[in-house]
Amino acid sequence: MILVTGGAGYIGAHAALALLEAGEDVVILDNLCNSSREAIPRIEQLGGRRVEWVAGDIRNRALLDQLFVRYPIDAVMHFAGLKAVGESVRQPLRYYDTNVGGSINLCQAMAYAGVFTLVFSSSATVYGDCSCMPINESTQCGQPTNPYGQSKLMTEQMLASLGSADERWRIGVLRYFNPVGAHPSGLLGESPRAAPNNLVPYLLKVASGQLPALPVFGGDYPTPDGTGVRDYIHVVDLAEGHVNTLQYLRQHAGLRAWNLGTGLGYSVLELVAAFERVSGVSLPLDRRERRPGDVAQCWADPTRAFEELGWVAQRDLDTMMRDAWRWQQANPMGYEETARPVPSTASLAAQAQGAG
Ligand code: NAD
Ligand code: UD1
């Protein structure tokens with residue numbers, strides 16, 4: 001059985017489904033701070049099987065110890081964390097506590113339980129501001145410039161130390177580029193609790209009339225049309241990469257990092273054009289100055305993942321936009337419209353006690 005921390009969230013939910021589809025049993029641990037319990041029955045519906053799930057926090061060691069006793073967990077996929085860059089600048093301790101402290105707590109509980117196989121959600125942000133494209137796993141350009149990025153790098157370093165100290169560990173570090181899109185059913189997608197900051201969630205709010213115009217940050221980057229270039233990857237491709245990683249780790253000990261990206265860079269304006277093409281919706285644009293902290297361009301060399309994991313992204317930009325739009329139209333307010341009320345802390349604790 002696979003423990004999926006953060007499995008009610010955007011990427012974790014798609015990964016939990018991919019695991020079910022691969023024949024794995026899944027237990028989800030999520031405190032719902034940025035997600036909805038409504039994701040769980042939808043994962044079950046799509047996967048055709050029951051998912052165990054526990055409402056709780058990765059920083060709660062006693063709860064983790066209970067989980068490892070109660071379920072026959074043999075590997076962990078660790079998605080739980082906080083991910084808003086701007087918020088991390090304002091609330092650094094919260095980010096280091098959850099992302100670094102939570103990961104340390106999880107690894108301690110794993111070692112105590114004798115579970116040593118871990119897939120960790122890292123980010124291309126660990127490469128810092130790189131000018132040499134594409135980025136491969138050995139690229140060393142600099143440091144992340146914000147606490148969120150630092151927390152990912154620190155966790156990677158902690159995991160590397162762990163891998164060196166104890167040969168029982170099997171750790172896959174996955175550096176995501178820009179995950180977008182949604183499950184083609186329209187049942188799973190990104191449903192952030194706060195106002196969107198990232199390009200595609202913002203674009204979807206504009207397309208559905210909830211926000212007036214899409215800000216385009218920067219028109220003077222050294223890119224073909226002057227707007228920022230990124231490696232957008234379909235979240236279902238990303239999820240499938242996790243299953244391949246798990247299969248690799250079952251055969252290989254040690255720690256290894258892989259980029260999960262398509263290897264293709266698209267500008268903001270190219271992404272907007274793709275969305276307009278597949279949706280038939282015209283997006284009002286609001287040209288702005290560069291957003292502080294943004295890099296001009298960032299795309300992956302995904303060769304290592306292809307050669308070692310046998311994984312390659314299959315879905316193109318039009319598919320990403322089509323699936324994102326289907327999700328938005330079917331769930332204009334994310335999961336919230338259909339979700340039951342978020343439970344109180346007391347009821348979460350009670351559920352954690354009697355999980356399952
Ligand atoms: P998300 O916010 O949708 O999912 C994270 C989940 O973790 C949420 O369901 C949240 O409720 C849960 N969570 C947060 N803190 C927790 C805690 N202390 N205990 C238990 N659960 C907790 O985000 P996502 O986009 O699915 O990202 C998943 C992981 O991938 C994160 O670690 C993120 O940093 C990383 N990542 C995301 C992106 C991206 O663009 N989405 C890019 C690179 C890396
Ligand atoms: C951001 C984070 C990164 C994190 C990732 C996923 C920053 C600096 N980086 O990546 O650490 O891993 O999100 O959470 O925040 N854009 C617009 N208008 C918008 C929003 C974005 O033009 O309203 C542009 C940006 O300038 C950029 C591109 O769209 O060129 C992608 O932006 P975004 O989706 O926020 O992702 P990143 O900045 O690449």
Side-chain angles (χ1 to χ4, degrees), residues 4-15 28-37 39 54-60 63-64 77-89 94-95 97-99 101-103 105-106 120-129 144-146 148-149 151-152 155 174-180 189-194 196-203 205-206 211 213-219 221 223 227-233 235 238-239 260 265-269 271-272 285-299 334:
V4 180
T5 74
Y10 173 47
I11 303 169
H14 287 86
I28 286 174
L29 172 67
D30 200 303
N31 69 359
L32 302 180
C33 71
N34 194 39
S35 53
S36 165
R37 63 170 59 211
V54 176
D57 200 296
I58 52 165
R59 292 166 296 174
N60 182 342
L63 173 63
L64 290 177
M77 287 197 183
H78 178 33
F79 298 92
L82 304 175
K83 65 167 183 175
V85 172
E87 188 181 65
S88 79
V89 175
R94 218 180 128 222
Y95 272 70
D97 182 37
T98 297
N99 293 2
S103 299
N105 198 44
L106 175 66
F120 172 62
S121 297
S122 191
S123 167
T125 192
V126 300
Y127 293 115
D129 188 358
T145 53
N146 55 72
Y148 165 73
S151 75
K152 289 291 170 191
T155 305
L174 299 181
R175 297 177 181 150
Y176 310 157
F177 280 66
N178 285 60
V180 297
E190 188 164 14
S191 180
R193 287 196 180 273
N197 291 309
N198 296 119
L199 179 60
V200 173
Y202 204 108
L203 174 156
K205 296 281 178 208
V206 175
L211 288 169
L214 176 68
V216 176
F217 296 127
Y221 285 113
T223 59
T227 64
V229 168
R230 296 290 184 276
D231 185 337
Y232 297 97
I233 173 168
V235 66
L238 193 68
L260 293 186
Y266 289 104
S267 73
V268 174
L269 296 182
L271 183 141
V272 166
L285 302 182
D286 174 13
R287 305 298 294 249
R288 303 256 191 101
E289 296 294 305
R290 294 181 181 192
R291 184 173 66 176
D294 273 357
V295 298
Q297 51 186 12
C298 177
W299 72 89

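In each ligand, atom 1 is the first atom listed, and ligand 1 is the first ligand listed.
Residue Val85 has no N or O atom closer than 3.5 Å to an N or O atom of ligand 2. Residue contacts with ligand 2: Leu199 is placed with a nitrogen or oxygen under 3.5 Å of a nitrogen or oxygen of the ligand (distance criterion only).
Close approach of ligand 2 to Val268 is summarised as follows: ligand atoms under 4.0 Å from at least one heavy atom of the residue are 22 (O), 24 (C), 29 (O), 30 (O). Heavy-atom proximity to Ser123, at under 4.0 Å, picks out these atoms of ligand 2: 12 (O). For ligand 2, the atoms closer than 4.0 angstrom to any heavy atom of Pro215 are 17 (C), 18 (N), 19 (C), 22 (O), 23 (O). Atoms of ligand 2 found under 4.0 Å from any heavy atom of Thr125 (numbered from 1 in listed order, with element): 11 (O). Close approach to Val216 involves these atoms of ligand 2, each under 4.0 Å from a residue heavy atom: 22 (O). Heavy-atom contacts of Arg291 reach the following atoms of ligand 2: 15 (O), 20 (C), 21 (C), 25 (C), 32 (O), 33 (P), 35 (O), 38 (O) (cutoff under 4.0 Å). Against a heavy-atom cut-off of under 4.0 Å, Gly228 is close to the following atoms of ligand 2: 30 (O).
Atom CG of Asp57 and atom CG of Asn31 lie 5.0 Å apart (nearest 0.5 Å). Separation of atoms CG (Leu174) and OG (Ser121) is listed at 7.0 Å; rounding is to 0.5 Å. Taken from CG in Leu260 to OH in Tyr176, the straight-line distance is 7.0 Å, to the nearest 0.5 Å.
Counting only heavy atoms of the protein, atom 4 (C) of ligand 2 lies nearest to Tyr148 CE2, 4.1 Å. The protein heavy atom nearest to atom 22 (O) of ligand 2 is Phe217 N, 3.0 Å. Summary of contacts: the protein heavy atom closest to atom 26 (O) of ligand 2 is Asp294 OD2, 2.5 Å. Shortest contact from atom 27 (C) of ligand 2 to any protein heavy atom: Arg230 NH2, 3.6 Å. In terms of protein heavy-atom proximity, atom 10 (O) of ligand 2 is closest to Asn178 ND2, 4.1 Å.
Here the closest non-hydrogen pair linking Leu64 and Ile58 is CD1-O, 3.4 Å. For Leu269 against Thr227, the heavy-atom pair with the smallest separation is N-OG1, 3.5 Å. Closest approach of Gly102 and Arg59 over heavy atoms only: CA-CG, 3.8 Å. Smallest separation of non-hydrogen atoms from Leu63 and Gly56: CD2-CA, 3.6 Å.
Only side-chain heavy atoms of Tyr232 come within less than 4.0 Å of ligand 2; its backbone N, CA, C and O stay farther off. Contact annotation for Tyr176 and ligand 2: no heavy atom of the residue comes within less than 4.0 Å of the ligand.
Among residues two or more places apart in sequence or in another chain, the salt bridge (charged side-chain N to carboxylate O under 4.0 Å, His left out) test is passed with Lys152 by none. Applying the side chain to side chain contact (heavy atoms under 4.5 Å, CB included) test to Ala8 and every residue at least two apart in sequence or in another chain returns Asp30, Leu32, Ser35, Ile40. With sequence neighbours excluded, no residue forms a salt bridge (charged side-chain N to carboxylate O under 4.0 Å, His left out) with Arg230.
Aromatic ring pairs are classed by plane angle as parallel below 30°, tilted from 30° to 60° and perpendicular above 60°; the pair Tyr148 and Tyr95 is perpendicular.
When Asn197, Leu199, Asn198 are each tested for a side-chain contact (heavy atoms from CB on, under 4.5 Å) with Pro201, only one passes: Asn198.
A heavy-atom cutoff of 4.0 Å around ligand 1 is satisfied by the protein residues Gly6, Ala8, Gly9, Tyr10, Ile11, Asp30, Asn31, Leu32, Cys33, Asn34, Ser35, Gly56, Asp57, Ile58, Arg59, Phe79, Ala80, Gly81, Lys83, Thr98, Ser121, Ser122, Ser123, Tyr148, Lys152, Tyr176, Pro179.
One option in Asn197, Val206, Asn198 has a heavy atom closer to atom 1 (C) of ligand 2 than any other, and that option is Asn198.
With respect to the salt-bridge test (charged N to carboxylate O, under 4.0 angstrom), the residues Asp97 and Arg94 do not qualify. A salt bridge links Glu190 with Lys83: the closest approach of a Lys/Arg side-chain nitrogen to an acidic carboxylate oxygen falls below 4.0 angstrom.
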